[in-house]
Amino acid sequence: MSLQTDTIQVSGVRCERCVMRLGSSLQGLEGLEAANANLMGQVTLAWDDERLARDEILEALRRAGFNPAPALE
């Protein structure tokens, strides 16, 4: 297992219901070990990099209406 962690900023989080919707959008992603979001739009993630790509997580968030901020290099 190759566990990766990251905290990303997303737009579209305005209330507790948004946080719940965000969590629902990530349910069922094979390899996602943990996800925690707050009302400021910060999402902390932990996933098995051998089973799930970061881009797949970001795409699931986009489909649910949450737009991740570009990664800072």
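Keep in mind it's a predicted model, so treat the numbers as computed, not measured.
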- Any Val43 side-chain heavy atom under 4.5 Å of Val13 side chain: no

- Item | Residue pair Glu33 / Arg51, side-chain heavy-atom distance below 4.5 Å | yes

Nearest 0.5 Å, please: how far is [atom2] in [Y] from [atom1] in [X]?
X: Gln9; Y: Asn67; atom1: CD; atom2: CG; answer: 12.0 Å
X: Leu61; Y: Ser11; atom1: CG; atom2: OG; answer: 10.5 Å
X: Cys18; Y: Met20; atom1: SG; atom2: CE; answer: 11.5 Å
X: Leu26; Y: Arg21; atom1: CG; atom2: CZ; answer: 11.5 Å
X: Leu22; Y: Asn36; atom1: CG; atom2: CG; answer: 10.0 Å
X: Ile8; Y: Leu58; atom1: CD1; atom2: CG; answer: 5.0 Å

- Message: The criterion is salt bridge (charged side-chain N to carboxylate O under 4.0 Å, His left out); which residues satisfy it with Glu59, sequence neighbours excluded?
- Response: Arg62

- Minimum heavy-atom distance Ala60-Ser25, with the two atoms named: CB-O, 3.9 Å

- Closest non-hydrogen atoms of Glu30 and Leu52, given as atom of the first, atom of the second and distance, are O-CB, 3.3 Å

- Item | Leu45-Leu3 co-clustered via ILVMFWY side chain contacts under 4.5 Å | no

- Task: Mark yes or no for whether Gln4, through its side chain, and Ala53, through its backbone, hold a donor-acceptor pair below 3.5 Å.
- Result: no

